[in-house]
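Reviewing the structure listed below.
Nothing fancy with the numbering, it's 1 onward along the sequence.
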Amino acid sequence: MAQGYDTNPFAEEDVNPFANPGNVPPANARLSPLPHERAEYDRGVTVDIPLDNSKDLKKKEKELHAKEAELKKREQELKRREDAIARSGFVIEEKNWPAFFPVIHHDISNEIPVHLQNLQYVAFTTLLGLVGCLVWNVIAVTLAWIKGEGVTIWLLSIIYLLSGVPGAYVLWYRPLYRAMRTDSFLSFGWFFISYVFHIGFCVLAAIAPPMIFKGKSLAGILPAFDLVSGNVLVGVFYFVGFGFFTVESLISIWVIQQVYMYFRGSGKAAEMKREAARTMMSAL
């Protein structure tokens, strides 16, 4: 069994390094370089970027700077226009009323001072009341036309409706809305002039004298008495129209009184007198 371990692995062999001098390389001989090994990563590797790509980047950078300068110029121009519009008092208004089909801009709660909102709401009620009066007037006059009163009165009732509603909004309601919002005495003045005509129309419509409104084209008290004897239903419709125009007249009179009281109390009346005096002096 000991025969497998007779050789000593730690024993030194007698090797003469000078025995075969031909295998030892000379002292001045150069060693062959190690074979090139592929690196597992590219850290430190230089990437050559073509000059054409560099030129394209500079060109795009110039284009971006040019676009940025153009955007800044447009922004400054837009801001200048907005400032000019704000100084002129012109406001771009978004139509928001009625909600199902917006045709006008109307936002009392956000644009009218709190102490004037109730008065503005009542004035808006008179505008809606006028619409209701004229619509009812068309219905009553249509019945009268069917009963043989002629087509002329029906055509006139349509004219009153189509011209009265937008005319009231443009001539006196918008000036009042603008006056309440901006406290402009010129808007107040235009409102007073137009609203007096509105009240006069409502009073005359409630009476409906035949020499002014072509007989029965307005549902007033006089044609109501004339028609009730021949046709009770038509007469009742005219009496209801008389009631509508009467209530509209009374509320409108209250509105103009309240607006005038505010107008005088705020000093706008004195300002208007001074402005009128300056205008007369400059004209002379």
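Ion pair Arg74/Glu70 flagged as a salt bridge, since at least one NZ, NE, NH1 or NH2 atom sits closer than 4.0 Å to an Asp/Glu carboxylate oxygen.
Taking the ring centroids of Tyr238 and Phe225, they lie at or beyond the 6.0 Å cut-off.
In the displayed structure, Phe197 atom CZ is contacted under 6.0 Å by at most 12 heavy atoms of other residues, nucleotides or ligands.
Ring-plane geometry between Trp97 and Phe124 is classed as perpendicular, the angle between the planes exceeding 60 degrees on a 0 to 90 degree scale with a lower cut at 30.
For the pair Val203 and Phe245, the minimum side-chain heavy-atom distance is 4.5 Å or more. Side-chain atoms of Trp190 and Leu171, non-hydrogen and from C-beta on, do get closer than 4.5 Å to each other. Residues Leu156 and Tyr160 meet the side-chain proximity criterion, which asks for heavy atoms closer than 4.5 Å.
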Exercise. Would Gln120 and Gln117 count as a side chain to side chain contact (heavy atoms under 4.5 Å, CB included) if you check the C-alpha gap in whole Å, the side-chain angles of each, and the deciding distance to 0.1 Å?
Worked result: CA-CA 5 Å; Gln120 188 67 41; Gln117 288 183 5; 5.6 Å; no
For this session: Please assess Ile251 against Val122 for the test side chain to side chain contact (heavy atoms under 4.5 Å, CB included), listing each intermediate value before the final yes or no.
Result: CA-CA 8 Å; Ile251 298 177; Val122 177; 4.0 Å; yes
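A search for side chain to side chain contact (heavy atoms under 4.5 Å, CB included) contacts involving Val259 returns Leu119, Leu176, Met180, Phe188, Phe191, Phe192, Val255, not counting sequence neighbours. Remark: Glu75 pairs with no residue by the salt bridge (Lys or Arg N to Asp or Glu O under 4.0 Å) rule, at least two apart or across chains. Applying the side chain to side chain contact (heavy atoms under 4.5 Å, CB included) rule to Val196 yields the partners Ile256; only residues at least two apart in sequence or on another chain are considered. Every side-chain hydrogen bond (donor to acceptor under 3.5 Å, both in side chains) that Tyr177 has, sequence neighbours left out, goes to Glu111. Qualifying side-chain hydrogen bond (donor to acceptor under 3.5 Å, both in side chains) partners for Asp226, counting only residues two or more places apart in sequence or in other chains: Lys216.
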Can you give each donor-acceptor pair under 3.5 Å made by side-chain atoms of residues 127-134, sequence neighbours left out, with the distance rounded to 0.1 Å?
none

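Taking CD of Glu248 as the reference point, atom OG1 of Thr246 lies at 10.5 Å (rounded to 0.5 Å). Atom CD1 of Ile139 and atom CZ of Phe237 lie 7.0 Å apart (nearest 0.5 Å). Atom-to-atom distance recorded for Leu186:CG and Arg178:CZ is 11.0 Å, nearest 0.5 angstrom. Separating the SG atom in Cys202 from the CD1 atom in Ile207 is a distance of 11.5 Å, to the nearest 0.5 Å. Within the model, atoms CZ of Phe201 and CG of Leu218 stand 5.0 Å from one another, a figure rounded to the nearest 0.5 Å. Between the NZ atom of Lys67 and the NZ atom of Lys60 there is a distance of 10.5 Å, given to the nearest 0.5 Å.
With Thr126 as the fixed residue, the side-chain hydrogen bond (donor to acceptor under 3.5 Å, both in side chains) test singles out one of Trp172, Tyr195, Tyr173: Tyr195.
At distances below 3.5 Å, not a single donor-acceptor pair connects side-chain atoms of Asn96 with backbone N or O atoms of Pro102. Not one N or O on the side chain of Trp154 forms a donor-acceptor pair closer than 3.5 Å with the backbone of Ile146.
Of all non-hydrogen atoms in Glu94 and His105, the two that sit nearest each other are O-ND1, 2.6 Å. Nearest approach of Arg174 to Val170, heavy atoms of both residues: CB-O, 4.3 Å. Closest approach of Ser187 and Pro175 over heavy atoms only: CB-O, 3.4 Å. The nearest pair of heavy atoms linking Tyr169 to Ile104 is OH-CB, 3.4 Å. For Ser217 against Val141, the heavy-atom pair with the smallest separation is O-CG2, 3.4 Å.
Using a 4.5 Å cut-off between side-chain heavy atoms of Ile, Leu, Val, Met, Phe, Trp and Tyr, with links allowed through other members, Val151 and Ile158 fall into the same hydrophobic cluster. In the hydrophobic cluster analysis, where Ile, Leu, Val, Met, Phe, Trp and Tyr join through side-chain heavy atoms closer than 4.5 angstrom, Ile193 is grouped apart from Leu204.
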